[in-house]
There are 2 protein chains.
Amino acid sequence: MENRKANENNCCPPEDNRPDLRSIEGPEADEELAQMLKALAHPARVQIVRILTRRDSCICGEIVDVLPLAQSTVSQHLKVLKEAGIIRGEVDGTRVGYCLNQRALRRFRALVAGL
Amino acid sequence: MENRKANENNCCPPEDNRPDLRSIEGPEADEELAQMLKALAHPARVQIVRILTRRDSCICGEIVDVLPLAQSTVSQHLKVLKEAGIIRGEVDGTRVGYCLNQRALRRFRALVAGL
DNA sequence: CCCGGCTATCGTCGATTGACGATGGAAAAT
DNA sequence: ATTTTCCATCGTCAATCGACGATAGCCGGG
(Lines give C-alpha, C1' and ligand atoms only; values in the text may rest on other atoms or scores of the structure.)
Protein backbone atom coordinates (compact mmCIF):
# COMPACT_ATOMS: atom_id res chain seq x y z
CA MET A 1 0.00 0.00 0.00
CA GLU A 2 1.36 3.36 -1.06
CA ASN A 3 1.05 6.50 0.99
CA ARG A 4 0.62 8.72 -2.02
CA LYS A 5 -2.55 10.03 -3.53
CA ALA A 6 -3.26 10.18 -7.21
CA ASN A 7 -3.83 13.93 -7.29
CA GLU A 8 -0.83 14.98 -5.30
CA ASN A 9 2.77 15.50 -6.14
CA ASN A 10 5.12 14.65 -3.39
CA CYS A 11 7.94 17.00 -4.28
CA CYS A 12 6.60 20.25 -5.62
CA PRO A 13 4.28 22.95 -4.31
CA PRO A 14 0.60 22.20 -4.77
CA GLU A 15 -0.77 22.67 -8.24
CA ASP A 16 -3.28 25.13 -9.49
CA ASN A 17 -6.30 22.93 -9.94
CA ARG A 18 -8.68 25.44 -11.40
CA PRO A 19 -10.23 24.34 -14.67
CA ASP A 20 -8.49 25.43 -17.84
CA LEU A 21 -10.79 27.77 -19.71
CA ARG A 22 -8.73 28.16 -22.85
CA SER A 23 -10.15 26.91 -26.11
CA ILE A 24 -9.18 23.54 -27.50
CA GLU A 25 -8.80 24.80 -31.04
CA GLY A 26 -7.98 27.88 -33.05
CA PRO A 27 -4.66 29.45 -33.95
CA GLU A 28 -3.45 29.87 -30.37
CA ALA A 29 -4.36 26.31 -29.49
CA ASP A 30 -2.53 25.11 -32.58
CA GLU A 31 0.61 26.90 -31.53
CA GLU A 32 0.31 25.72 -27.97
CA LEU A 33 -0.23 22.14 -29.07
CA ALA A 34 2.66 22.19 -31.51
CA GLN A 35 4.90 23.49 -28.78
CA MET A 36 3.99 20.72 -26.36
CA LEU A 37 4.27 18.11 -29.07
CA LYS A 38 7.71 19.37 -29.90
CA ALA A 39 8.79 19.25 -26.28
CA LEU A 40 7.73 15.62 -26.04
CA ALA A 41 8.90 14.54 -29.47
CA HIS A 42 12.02 12.75 -28.38
CA PRO A 43 12.33 9.20 -27.06
CA ALA A 44 14.39 10.31 -24.08
CA ARG A 45 11.81 12.90 -23.09
CA VAL A 46 8.97 10.43 -23.42
CA GLN A 47 10.94 8.13 -21.18
CA ILE A 48 11.48 10.85 -18.62
CA VAL A 49 7.75 11.49 -18.47
CA ARG A 50 7.16 7.77 -18.09
CA ILE A 51 9.67 7.57 -15.26
CA LEU A 52 8.00 10.45 -13.46
CA THR A 53 4.62 8.83 -13.97
CA ARG A 54 5.78 5.66 -12.30
CA ARG A 55 7.73 7.23 -9.50
CA ASP A 56 5.46 10.16 -8.86
CA SER A 57 8.57 12.25 -8.35
CA CYS A 58 12.20 11.76 -8.93
CA ILE A 59 15.49 13.45 -8.33
CA CYS A 60 17.54 14.34 -11.33
CA GLY A 61 20.34 11.88 -10.58
CA GLU A 62 18.02 8.91 -10.73
CA ILE A 63 16.97 9.84 -14.21
CA VAL A 64 20.59 10.20 -15.23
CA ASP A 65 21.27 6.74 -13.90
CA VAL A 66 18.43 5.17 -15.83
CA LEU A 67 18.95 6.83 -19.21
CA PRO A 68 21.94 5.92 -21.37
CA LEU A 69 22.90 9.56 -21.77
CA ALA A 70 25.41 11.93 -20.28
CA GLN A 71 24.35 14.04 -17.32
CA SER A 72 24.49 17.25 -19.31
CA THR A 73 22.30 15.77 -22.01
CA VAL A 74 19.68 14.67 -19.51
CA SER A 75 19.76 18.09 -17.94
CA GLN A 76 19.12 19.58 -21.34
CA HIS A 77 16.08 17.35 -21.89
CA LEU A 78 14.75 18.23 -18.47
CA LYS A 79 15.09 21.89 -19.37
CA VAL A 80 13.07 21.42 -22.54
CA LEU A 81 10.28 19.69 -20.63
CA LYS A 82 10.35 22.31 -17.91
CA GLU A 83 10.20 25.22 -20.32
CA ALA A 84 7.20 23.62 -21.96
CA GLY A 85 5.55 23.44 -18.55
CA ILE A 86 5.28 19.67 -18.62
CA ILE A 87 7.40 19.09 -15.55
CA ARG A 88 8.33 21.12 -12.53
CA GLY A 89 11.52 21.10 -10.50
CA GLU A 90 12.05 21.77 -6.84
CA VAL A 91 15.49 22.42 -5.42
CA ASP A 92 16.23 20.49 -2.24
CA GLY A 93 19.70 21.25 -1.01
CA THR A 94 22.10 20.01 -3.62
CA ARG A 95 19.48 17.88 -5.31
CA VAL A 96 16.63 18.78 -7.62
CA GLY A 97 13.39 16.87 -7.51
CA TYR A 98 11.30 16.78 -10.66
CA CYS A 99 7.67 15.90 -10.97
CA LEU A 100 4.98 16.05 -13.60
CA ASN A 101 2.80 19.08 -14.01
CA GLN A 102 -0.49 17.23 -14.06
CA ARG A 103 -2.39 20.33 -15.03
CA ALA A 104 -0.27 20.80 -18.16
CA LEU A 105 -0.57 17.12 -18.95
CA ARG A 106 -4.34 17.31 -18.71
CA ARG A 107 -4.30 20.27 -21.04
CA PHE A 108 -2.12 18.34 -23.45
CA ARG A 109 -4.41 15.32 -23.43
CA ALA A 110 -7.40 17.56 -24.02
CA LEU A 111 -5.71 19.21 -27.00
CA VAL A 112 -4.75 15.86 -28.50
CA ALA A 113 -8.22 14.48 -27.90
CA GLY A 114 -9.57 17.42 -29.89
CA LEU A 115 -7.63 16.48 -32.97
CA MET B 1 -27.54 17.87 -43.57
CA GLU B 2 -24.35 16.17 -44.62
CA ASN B 3 -24.22 12.92 -46.52
CA ARG B 4 -21.14 11.72 -44.71
CA LYS B 5 -20.89 9.45 -41.76
CA ALA B 6 -18.58 10.00 -38.85
CA ASN B 7 -16.78 6.71 -39.27
CA GLU B 8 -16.14 6.88 -42.97
CA ASN B 9 -13.57 8.63 -45.06
CA ASN B 10 -14.86 9.85 -48.32
CA CYS B 11 -11.65 9.69 -50.29
CA CYS B 12 -9.62 6.68 -49.26
CA PRO B 13 -10.20 2.94 -49.19
CA PRO B 14 -11.99 1.70 -46.08
CA GLU B 15 -9.90 1.50 -42.95
CA ASP B 16 -8.87 -1.50 -40.98
CA ASN B 17 -11.13 -1.23 -37.97
CA ARG B 18 -9.84 -4.15 -35.98
CA PRO B 19 -8.81 -3.24 -32.45
CA ASP B 20 -5.18 -2.38 -31.89
CA LEU B 21 -3.67 -4.99 -29.63
CA ARG B 22 -0.30 -3.39 -29.13
CA SER B 23 0.72 -2.30 -25.66
CA ILE B 24 0.34 1.30 -24.57
CA GLU B 25 3.71 1.39 -22.84
CA GLY B 26 7.15 -0.14 -22.89
CA PRO B 27 10.17 0.60 -25.07
CA GLU B 28 8.41 -0.03 -28.38
CA ALA B 29 5.47 2.13 -27.41
CA ASP B 30 7.87 4.88 -26.35
CA GLU B 31 9.55 4.84 -29.73
CA GLU B 32 6.25 4.71 -31.55
CA LEU B 33 4.86 7.58 -29.53
CA ALA B 34 7.96 9.72 -29.98
CA GLN B 35 7.76 9.15 -33.70
CA MET B 36 4.14 10.27 -33.93
CA LEU B 37 4.79 13.22 -31.67
CA LYS B 38 7.65 14.26 -33.89
CA ALA B 39 5.50 13.99 -36.99
CA LEU B 40 2.91 16.29 -35.46
CA ALA B 41 5.32 18.67 -33.76
CA HIS B 42 5.04 21.50 -36.22
CA PRO B 43 2.35 24.19 -36.39
CA ALA B 44 1.78 23.61 -40.09
CA ARG B 45 1.27 19.89 -39.58
CA VAL B 46 -1.12 20.46 -36.71
CA GLN B 47 -3.04 22.79 -38.99
CA ILE B 48 -3.15 20.22 -41.74
CA VAL B 49 -4.65 17.69 -39.37
CA ARG B 50 -7.18 20.26 -38.25
CA ILE B 51 -8.13 21.04 -41.84
CA LEU B 52 -8.63 17.37 -42.57
CA THR B 53 -10.70 17.01 -39.42
CA ARG B 54 -13.05 19.72 -40.54
CA ARG B 55 -13.31 18.78 -44.17
CA ASP B 56 -13.26 15.05 -43.71
CA SER B 57 -11.07 14.88 -46.79
CA CYS B 58 -9.22 17.37 -48.84
CA ILE B 59 -7.23 17.60 -52.03
CA CYS B 60 -3.67 18.74 -51.74
CA GLY B 61 -4.22 22.00 -53.58
CA GLU B 62 -6.76 23.21 -51.07
CA ILE B 63 -4.26 22.80 -48.28
CA VAL B 64 -1.66 24.69 -50.28
CA ASP B 65 -4.17 27.51 -50.76
CA VAL B 66 -4.93 27.78 -47.06
CA LEU B 67 -1.43 27.58 -45.63
CA PRO B 68 1.01 30.47 -46.08
CA LEU B 69 3.66 28.16 -47.44
CA ALA B 70 5.06 27.19 -50.81
CA GLN B 71 3.60 24.17 -52.56
CA SER B 72 6.79 22.19 -52.16
CA THR B 73 6.87 22.88 -48.45
CA VAL B 74 3.31 21.73 -47.96
CA SER B 75 4.06 18.61 -49.95
CA GLN B 76 6.97 17.95 -47.63
CA HIS B 77 4.76 18.27 -44.54
CA LEU B 78 2.19 15.97 -46.08
CA LYS B 79 4.92 13.45 -46.69
CA VAL B 80 5.98 13.55 -43.04
CA LEU B 81 2.43 12.98 -41.87
CA LYS B 82 1.92 10.21 -44.38
CA GLU B 83 5.11 8.39 -43.45
CA ALA B 84 4.04 8.51 -39.83
CA GLY B 85 0.75 6.91 -40.86
CA ILE B 86 -1.32 9.82 -39.64
CA ILE B 87 -2.83 10.63 -43.01
CA ARG B 88 -3.45 8.70 -46.19
CA GLY B 89 -3.42 9.88 -49.76
CA GLU B 90 -5.44 8.67 -52.71
CA VAL B 91 -4.48 9.61 -56.24
CA ASP B 92 -7.42 10.77 -58.34
CA GLY B 93 -6.28 11.67 -61.80
CA THR B 94 -3.98 14.60 -61.48
CA ARG B 95 -5.09 15.37 -57.96
CA VAL B 96 -4.33 13.71 -54.66
CA GLY B 97 -6.95 13.52 -51.95
CA TYR B 98 -5.74 13.29 -48.39
CA CYS B 99 -7.65 12.15 -45.37
CA LEU B 100 -6.96 11.28 -41.77
CA ASN B 101 -6.06 7.78 -40.76
CA GLN B 102 -8.53 7.52 -37.91
CA ARG B 103 -7.05 4.28 -36.75
CA ALA B 104 -3.62 5.83 -36.31
CA LEU B 105 -5.17 8.83 -34.62
CA ARG B 106 -6.96 6.61 -32.17
CA ARG B 107 -3.72 4.85 -31.44
CA PHE B 108 -2.03 8.19 -30.89
CA ARG B 109 -4.70 9.39 -28.50
CA ALA B 110 -4.46 6.16 -26.58
CA LEU B 111 -0.71 6.50 -26.25
CA VAL B 112 -0.98 10.09 -25.08
CA ALA B 113 -3.74 9.21 -22.65
CA GLY B 114 -1.39 6.63 -21.16
CA LEU B 115 1.19 9.22 -20.28
C1' DC C 1 0.27 15.25 -79.78
C1' DC C 2 1.43 18.91 -77.17
C1' DC C 3 0.03 21.78 -73.54
C1' DG C 4 -1.33 23.26 -68.94
C1' DG C 5 -2.46 22.26 -64.28
C1' DC C 6 -1.33 19.49 -60.14
C1' DT C 7 1.90 17.15 -57.20
C1' DA C 8 6.36 15.03 -55.80
C1' DT C 9 11.18 15.22 -55.57
C1' DC C 10 15.78 17.38 -55.72
C1' DG C 11 19.32 20.55 -54.35
C1' DT C 12 20.52 24.18 -51.43
C1' DC C 13 21.02 27.09 -47.52
C1' DG C 14 20.42 28.90 -42.92
C1' DA C 15 18.61 27.60 -38.42
C1' DT C 16 17.83 24.34 -34.97
C1' DT C 17 18.67 20.03 -32.48
C1' DG C 18 21.07 16.66 -29.83
C1' DA C 19 25.11 14.82 -28.22
C1' DC C 20 29.27 15.39 -25.47
C1' DG C 21 33.06 17.15 -22.26
C1' DA C 22 34.45 20.95 -19.62
C1' DT C 23 33.38 24.32 -16.51
C1' DG C 24 30.88 26.79 -12.81
C1' DG C 25 28.34 27.26 -8.54
C1' DA C 26 25.86 26.04 -4.47
C1' DA C 27 25.02 23.15 -0.65
C1' DA C 28 26.55 19.14 2.18
C1' DA C 29 30.10 16.50 4.17
C1' DT C 30 34.47 15.98 6.09
C1' DA D 1 37.96 25.71 5.27
C1' DT D 2 38.41 22.38 1.96
C1' DT D 3 36.56 18.86 -0.55
C1' DT D 4 32.89 16.37 -2.55
C1' DT D 5 28.51 15.88 -4.68
C1' DC D 6 24.95 17.29 -7.58
C1' DC D 7 23.13 19.89 -11.16
C1' DA D 8 23.02 23.67 -14.79
C1' DT D 9 25.24 26.05 -18.36
C1' DC D 10 28.59 26.83 -22.07
C1' DG D 11 30.98 25.80 -26.32
C1' DT D 12 31.41 22.78 -30.06
C1' DC D 13 30.41 19.69 -33.70
C1' DA D 14 27.73 16.68 -36.70
C1' DA D 15 23.16 15.82 -38.09
C1' DT D 16 18.57 17.02 -39.01
C1' DC D 17 14.91 20.31 -40.10
C1' DG D 18 12.32 23.60 -42.65
C1' DA D 19 11.97 26.74 -46.14
C1' DC D 20 12.32 27.79 -50.99
C1' DG D 21 12.82 27.60 -56.25
C1' DA D 22 13.63 24.61 -59.92
C1' DT D 23 12.59 20.64 -62.10
C1' DA D 24 10.46 16.28 -63.31
C1' DG D 25 6.34 13.30 -63.93
C1' DC D 26 1.66 12.47 -64.73
C1' DC D 27 -2.83 12.97 -66.32
C1' DG D 28 -6.55 15.40 -68.77
C1' DG D 29 -8.11 18.74 -72.19
C1' DG D 30 -7.68 20.99 -76.44
Side-chain angles (χ1 to χ4, degrees), chain A residues 11-12 27 30-31 33-52 55 57-100, chain B residues 11-12 27 30-31 33-52 55 57-100:
Chain A
C11 80
C12 296
D30 285 4
E31 269 297 335
L33 175 54
Q35 201 176 342
M36 300 190 82
L37 288 166
K38 200 173 171 187
L40 285 168
H42 191 287
R45 296 198 285 269
V46 170
Q47 276 195 273
I48 289 173
V49 171
R50 283 262 156 80
I51 291 169
L52 293 180
R55 296 201 170 211
S57 106
C58 196
I59 63 175
C60 176
E62 300 184 88
I63 301 174
V64 172
D65 291 341
V66 171
L67 298 182
L69 295 169
Q71 178 266 327
S72 58
T73 305
V74 173
S75 191
Q76 194 67 24
H77 284 307
L78 288 167
K79 185 181 182 183
V80 171
L81 289 171
K82 192 174 177 182
E83 285 178 348
I86 295 169
I87 65 176
R88 305 191 296 157
E90 184 82 347
V91 176
D92 170 31
T94 175
R95 314 226 169 159
V96 178
Y98 284 99
C99 62
L100 295 177
Chain B
C11 79
C12 297
D30 284 5
E31 269 297 335
L33 175 54
Q35 201 176 341
M36 300 190 81
L37 287 166
K38 200 173 171 187
L40 285 168
H42 190 288
R45 295 199 284 271
V46 170
Q47 276 196 272
I48 289 173
V49 171
R50 283 262 156 80
I51 292 168
L52 293 180
R55 297 201 170 211
S57 106
C58 197
I59 62 175
C60 175
E62 299 185 88
I63 302 174
V64 172
D65 290 342
V66 171
L67 298 183
L69 294 170
Q71 178 267 326
S72 59
T73 305
V74 173
S75 191
Q76 195 68 24
H77 285 307
L78 288 167
K79 185 181 180 183
V80 171
L81 289 171
K82 192 174 177 182
E83 284 178 350
I86 295 169
I87 65 175
R88 306 191 296 156
E90 184 81 346
V91 177
D92 170 32
T94 175
R95 315 227 167 156
V96 179
Y98 284 98
C99 62
L100 295 177

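Here is the naming used below: chain letters follow the sequence lines, and residue numbers restart at 1 for every chain.
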query = Whole-Å distance between C:dT9 P and B:Leu78 CG?
reply = 11 Å

Closest to the B:His77 side chain, choosing from C:dA19, D:dC7, D:dA19 = D:dA19

ask   = D:dG18 P sits how many Å from B:Lys79 NZ, rounded?
value = 13 Å

ask   = Starting at CG of B:Leu37 and ending at P of C:dT17, how long is that distance when rounded to a whole Å?
value = 16 Å

query = OP1 or OP2 of D:dC17 less than 4.0 angstrom from a side-chain nitrogen or oxygen of B:Lys38, does that happen here?
reply = yes

note = Of A:Ala70 and B:Lys82, the one whose nearest nucleotide on DNA chain C sits closer to the 5' end is B:Lys82

ask   = Is the CD atom of B:Glu90 crowded by more than 12 outside heavy atoms at less than 6.0 Å?
value = yes

ask   = Can you check the A:Glu83 CD to D:dA8 P distance for me, whole Å?
value = 12 Å

task = Determine whether B:Val96 and B:Ile59 make a side-chain contact, defined as any pair of heavy atoms from C-beta on separated by less than 4.5 Å.
result = no

query = Should A:Leu52 and A:Cys99 count as side-chain neighbours, where that means a heavy-atom distance under 4.5 Å?
reply = no

query = Quick one: does B:Gln71 reach the base of C:dA8 with a side-chain donor-acceptor pair under 3.5 Å?
reply = yes

request  = Compare the minimum distances between each of C:dC20, C:dA8, D:dA8 and the side chain of A:Ser72, then state the nucleotide with the smallest one.
outcome  = C:dC20

task = List the steps, then state whether side-chain contact (heavy atoms from CB on, under 4.5 Å) holds for B:Gln47 with B:Ile63.
result = CA-CA 9 Å; B:Gln47 276 196 272; B:Ile63 302 174; over 6 Å; no

query = Rounded to whole angstrom units, what separation is found between the CG atom of A:Asp92 and the C1' atom of C:dA27?
reply = 10 Å

task = For side-chain contact (heavy atoms from CB on, under 4.5 Å), just list the numbers for A:Leu67 and A:Ile48, CA-CA rounded to whole Å, side-chain angles, deciding distance to a tenth of an Å, and then say yes or no.
result = CA-CA 9 Å; A:Leu67 298 182; A:Ile48 289 173; 3.8 Å; yes

message = On the nucleotide C:dC20, are OP1 or OP2 found under 4.0 Å from the side-chain N or O atoms that A:Thr73 carries?
response = yes

note = Taken to the nearest whole Å, CD1/B:Ile87 to P/C:dT7 is 13 Å

task = Please check the phosphate of C:dA27 (OP1 and OP2 only) for any side-chain N or O of A:Thr94 closer than 4.0 Å.
result = no

message = In this structure, how many angstroms lie between the C1' atom of C:dT7 and the CD atom of B:Glu90, rounded?
response = 15 Å

inquiry  = The side chain of B:His42 is closest to which nucleotide in this list: D:dA8, C:dT9, D:dG18?
reply    = D:dG18

message = Measure CD/A:Gln76 against P/D:dG11 and give the value in whole Å, please.
response = 13 Å

query = Does a nitrogen or oxygen in the side chain of A:Arg45 sit under 4.0 Å from OP1 or OP2 of C:dG18?
reply = yes

ask   = Is any side-chain N or O of A:Tyr98 closer than 4.0 Å to OP1 or OP2 of D:dC6?
value = no

